[in-house]
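What follows is a short report on a single structure.
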Amino acid sequence: GAIFFPDRGNRIECSKEYCIHVARKHGEHELADLIKSDLGGRRCEIDNLTPRPELNGKTCVANQYLPESNQYKVTLENKSKEV
(Lines give C-alpha, C1' and ligand atoms only; values in the text may rest on other atoms or scores of the structure.)
Protein backbone atom coordinates (compact mmCIF):
# COMPACT_ATOMS: atom_id res chain seq x y z
CA GLY A 1 0.00 0.00 0.00
CA ALA A 2 0.88 3.66 -0.10
CA ILE A 3 3.08 5.27 2.50
CA PHE A 4 1.64 8.59 3.61
CA PHE A 5 4.33 9.39 6.16
CA PRO A 6 7.69 8.34 4.69
CA ASP A 7 10.78 8.22 6.89
CA ARG A 8 12.83 11.30 6.10
CA GLY A 9 15.78 10.92 8.39
CA ASN A 10 13.54 10.78 11.48
CA ARG A 11 12.41 14.40 11.08
CA ILE A 12 9.53 14.57 13.54
CA GLU A 13 7.49 17.01 11.43
CA CYS A 14 6.99 14.24 8.84
CA SER A 15 5.82 11.52 11.20
CA LYS A 16 2.29 10.23 11.39
CA GLU A 17 2.39 10.55 15.18
CA TYR A 18 3.32 14.23 14.96
CA CYS A 19 0.45 14.96 12.57
CA ILE A 20 -1.97 13.24 14.97
CA HIS A 21 -0.53 15.27 17.86
CA VAL A 22 -0.93 18.57 16.00
CA ALA A 23 -4.49 17.74 14.92
CA ARG A 24 -5.50 16.94 18.51
CA LYS A 25 -3.69 20.04 19.82
CA HIS A 26 -5.85 22.18 17.53
CA GLY A 27 -9.07 20.39 18.49
CA GLU A 28 -9.32 18.45 15.23
CA HIS A 29 -10.15 15.12 16.86
CA GLU A 30 -12.00 13.67 13.84
CA LEU A 31 -8.99 14.45 11.63
CA ALA A 32 -6.65 12.88 14.19
CA ASP A 33 -8.80 9.72 14.29
CA LEU A 34 -8.81 9.60 10.48
CA ILE A 35 -5.01 9.94 10.28
CA LYS A 36 -4.58 7.32 13.01
CA SER A 37 -6.84 4.80 11.26
CA ASP A 38 -5.51 2.37 8.68
CA LEU A 39 -7.84 3.44 5.86
CA GLY A 40 -8.33 7.13 6.57
CA GLY A 41 -8.66 9.10 3.33
CA ARG A 42 -7.94 6.07 1.20
CA ARG A 43 -9.85 4.73 -1.75
CA CYS A 44 -11.44 1.40 -0.80
CA GLU A 45 -13.89 -1.22 -1.96
CA ILE A 46 -16.92 -1.99 0.18
CA ASP A 47 -16.97 -5.66 1.14
CA ASN A 48 -19.23 -7.83 3.29
CA LEU A 49 -21.69 -5.06 4.23
CA THR A 50 -24.63 -7.16 5.40
CA PRO A 51 -27.16 -4.35 6.04
CA ARG A 52 -26.59 -2.84 2.56
CA PRO A 53 -25.50 -5.68 0.25
CA GLU A 54 -26.19 -3.55 -2.84
CA LEU A 55 -23.11 -1.48 -1.89
CA ASN A 56 -20.72 -4.45 -1.83
CA GLY A 57 -18.13 -4.09 -4.59
CA LYS A 58 -18.59 -0.30 -4.85
CA THR A 59 -15.55 1.96 -4.65
CA CYS A 60 -15.48 4.61 -1.94
CA VAL A 61 -13.21 6.93 0.04
CA ALA A 62 -12.94 6.47 3.82
CA ASN A 63 -13.84 9.87 5.29
CA GLN A 64 -14.19 9.31 9.01
CA TYR A 65 -13.18 6.52 11.36
CA LEU A 66 -15.82 5.67 13.96
CA PRO A 67 -13.77 4.13 16.79
CA GLU A 68 -16.77 3.14 18.93
CA SER A 69 -17.97 0.75 16.18
CA ASN A 70 -14.61 0.17 14.42
CA GLN A 71 -16.25 1.29 11.16
CA TYR A 72 -15.77 4.09 8.64
CA LYS A 73 -18.07 6.72 7.22
CA VAL A 74 -17.41 6.66 3.48
CA THR A 75 -18.33 8.55 0.33
CA LEU A 76 -19.14 6.48 -2.72
CA GLU A 77 -16.73 7.29 -5.52
CA ASN A 78 -19.34 7.83 -8.22
CA LYS A 79 -21.58 9.98 -6.01
CA SER A 80 -21.17 12.65 -3.38
CA LYS A 81 -23.41 10.75 -0.97
CA GLU A 82 -21.99 9.63 2.37
CA VAL A 83 -22.94 6.19 3.68
Side-chain angles (χ1 to χ4, degrees):
I3 297 174
F4 290 105
F5 301 93
D7 182 11
R8 303 221 176 163
N10 294 323
R11 287 180 19 204
I12 193 166
E13 67 269 20
C14 291
S15 74
K16 181 176 181 178
E17 292 75 22
Y18 183 74
C19 291
I20 293 167
H21 167 77
V22 170
R24 291 203 191 285
K25 179 180 172 183
H26 292 283
E28 298 291 340
H29 300 289
E30 286 184 12
L31 176 60
D33 289 343
L34 189 61
I35 294 170
K36 186 176 179 181
S37 69
D38 291 333
L39 299 177
R42 287 190 170 189
R43 193 170 168 246
C44 308
E45 183 178 307
I46 298 173
D47 183 42
N48 200 25
L49 186 62
T50 307
R52 302 275 310 270
E54 72 276 8
L55 296 177
N56 290 329
K58 303 283 184 186
T59 305
C60 62
V61 174
N63 296 326
Q64 180 182 4
Y65 178 62
L66 308 170
E68 62 280 350
S69 63
N70 194 31
Q71 295 179 335
Y72 290 85
K73 182 184 285 187
V74 302
T75 299
L76 294 175
E77 191 168 72
N78 60 351
K79 298 181 182 179
S80 60
K81 180 181 177 184
E82 286 189 343
V83 291

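Quick note: residue numbers are just sequence positions, from 1.
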Practice item. Kindly give the heavy-atom pair with the smallest separation between Val74 and Ala62, and that separation in Å. Key: CG1-CA, 3.9 Å
Exercise for review: Heavy atoms only: give me the nearest Lys58-Glu54 pair and the separation to one decimal.
Suggested key: CE-O, 3.7 Å
Review point. For Val22, what residues pass the side chain to side chain contact (heavy atoms under 4.5 Å, CB included) criterion, not counting sequence neighbours?
Key: Tyr18, His26
Practice item. Answer yes or no: is there a side-chain heavy-atom contact under 4.5 Å between Glu77 and Arg43? Key: yes
Study note, to complete from the structure: CD of Gln71 to CG of Leu66, rounded to nearest 0.5 Å, is 7.0 Å
**Study point:** Summary of ring pair (Phe, Tyr, Trp, His ring centres under 6.0 Å) pairs that have at least one residue in residues 37-62, sequence neighbours excluded
**Key:** none
Check your understanding: How many angstroms lie between CD in Gln64 and CG in Leu31, if you round to the nearest 0.5 Å?
Key -> 10.5 Å
Exercise for review: Report the residues that fulfil side chain to side chain contact (heavy atoms under 4.5 Å, CB included) with Thr50, sequence neighbours left out, ordered by chain and then residue number.
Suggested key: Asn48
Practice item. Carefully, step by step, assess Val61 and Arg42 under the rule side chain to side chain contact (heavy atoms under 4.5 Å, CB included). Key: CA-CA 5 Å; Val61 174; Arg42 287 190 170 189; over 6 Å; no
Practice item. Only counting residues at least two apart or in another chain, list the ones meeting side chain to side chain contact (heavy atoms under 4.5 Å, CB included) with Leu49. Key: Ile46, Pro51, Arg52, Leu55, Asn56
Exercise for review: Among residues two or more places apart or on two chains, list those pairs meeting salt bridge (charged side-chain N to carboxylate O under 4.0 Å, His left out) that have a residue in residues 21-35.
Suggested key: Arg24-Asp33
Check your understanding: Which residue pairs pass the ring pair (Phe, Tyr, Trp, His ring centres under 6.0 Å) test when at least one of the two sits in residues 33-69, sequence neighbours left out?
Key -> Tyr65-Tyr72
